[in-house]
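One structure is given below, encoded as structure tokens.
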Amino acid sequence: MKAVTFHDVGDVRVGEVPEPVLSGPGDALVRMTLSAVCGSDLHIYHGHTPVQEGATLGHEFVGVVEQAGPEVRTVKPGDRVVAAFYAACGRCRLCRRGLWSQCESRAVFGHGDYFGGLGGSQAERCVVPNADVNLELIPDGVEDEQAVFVGDILATGYFAAERGMIRPADTVAVIGAGPVGLMALMCAQLFGPARVFAVDMVDSRLELAQELGAIPLNPREVNPEIEVQRHTGGAGADAVLECVGQIAAIETAINVCRGGGTISSVGVPSEVNGDFPYFDMWNRGLTFRSGLTNVHAYMRPLLDLIEAGRLHPERVISHRLRLDDAEEAYDLFDRRQATKIVLRP
Ligand SMILES: [Zn+2]
Ligand SMILES: [Zn+2]
């Protein structure tokens with residue numbers, strides 16, 4: 001089958017790989033209908049995430065079940081499904097506490113052998129282990145372009161907003177208006193804030209953030225700390241959702257947060273340059289929450305919200321390409337020419 005594979009830093013290719021096959025009785029084989037290119041794929045592309053040569057990439061996807069092992073109960077061939085971007089076992093102690101992100105045998109799709117050796121979704125087919133745990137049925141009223149984000153960036157945006165402990169009339173600041181930041185700002189609005197700021201240095205992202213209801217702040221033009229204070233009687237934001245994953249973004253988050261506020265950090269810390277500002281966090285009495293999204297907890301509720309017309313995640317899509325054009329897709333995304341790219345096999 002056709003798939004996108006990793007070869008070297010800055011070198012991904014579309015080529016032929018062996019067809020994936022079911023290995024366990026709980027597995028399902030999914031034929032892709034849509035896959036996305038994620039910021040985490042760029043971490044691989046840049047060599048910040050260790051992946052062996054030839055690994056199939058992609059972890060954000062929707063598709064149709066083609067084959068299901070004898071123990072699969074919740075999905076059957078022909079069903080439209082969305083997968084979590086990592087597979088959990090559903091049986092270990094932490095899975096049974098509802099902490100699928102901390103599963104002792106967590107494995108990430110399209111991240112090579114070091115992250116569990118699962119196949120990738122930027123391909124024609126992919127095997128999903130423990131299908132009952134890791135797949136969710138897509139309602140008829142939800143399009144592929146909406147559902148594709150439920151297993152990754154939309155869940156991450158919701159996770160960021162929920163853990164920001166936003167209350168009605170709060171002021172929220174989202175640091176980073178890339179795909180995850182845009183999802184976080186859409187999800188923050190579900191919690192009833194008075195205003196949401198979006199901080200980013202890319203104007204095209206800020207324009208979209210503004211269309212989605214945020215007040216845009218470009219640190220190249222204004223001081224975000226002063227602007228947020230100006231709108232909050234000098235106090236700062238009640239909740240700050242950090243969606244970048246660099247120390248500089250954490251510092252901005254601290255600067256715009258009010259004393260006693262909450263910083264909810266979901267940016268993947270792929271390149272950590274500098275020290276964590278422990279003293280500032282302590283001195284300002286901030287609550288800092290971070291971590292890998294507990295995706296499985298949010299997939300069903302997010303599909304319900306989309307079906308009800310309360311969330312429109314497809315608005316972040318800037319490019320619709322074919323799987324054959326994946327090399328161009330990575331290049332566009334890397335050069336920040338694209339907000340979000342989806343690939344159709
Ligand atoms: Zn991702
Ligand atoms: Zn587990």
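Numbering of ligands and ligand atoms starts at 1, following listing order. Values below: all heavy atoms of this structure, side chains included; hydrogens, waters and symmetry mates excluded.
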Original post:
Under 2.8 Å from the Zn ion (ligand 1), is there an N/O/S atom belonging to D152?
Top reply: yes
**OP:** Assess the pair F115 and H59: is the distance between their ring centroids shorter than 6.0 Å?
**Re:** no
**OP:** Answer with yes or no whether the hydrophobic clustering places F6 together with L118; edges join I, L, V, M, F, W, Y residues whose side-chain heavy atoms lie under 4.5 Å apart.
**Re:** no
Original post:
Side chains of T156 and T293: is there a donor and an acceptor less than 3.5 Å apart?
Top reply: yes
Original post:
What angle sits at the Zn ion (ligand 2) between SG of C92 and SG of C89, to 10°?
Top reply: 110°
**OP:** Report, rounded to 10°, the angle at the Zn ion (ligand 2) between the two atoms SG (C103) and SG (C95).
**Re:** 100°
Subject >> Atom of H59 nearest the Zn ion (ligand 1) (restricted to N/O/S, atom name only) >> reply: NE2
Original post:
Does CZ belonging to F276 count more than 12 external heavy atoms closer than 6.0 Å?
Top reply: yes
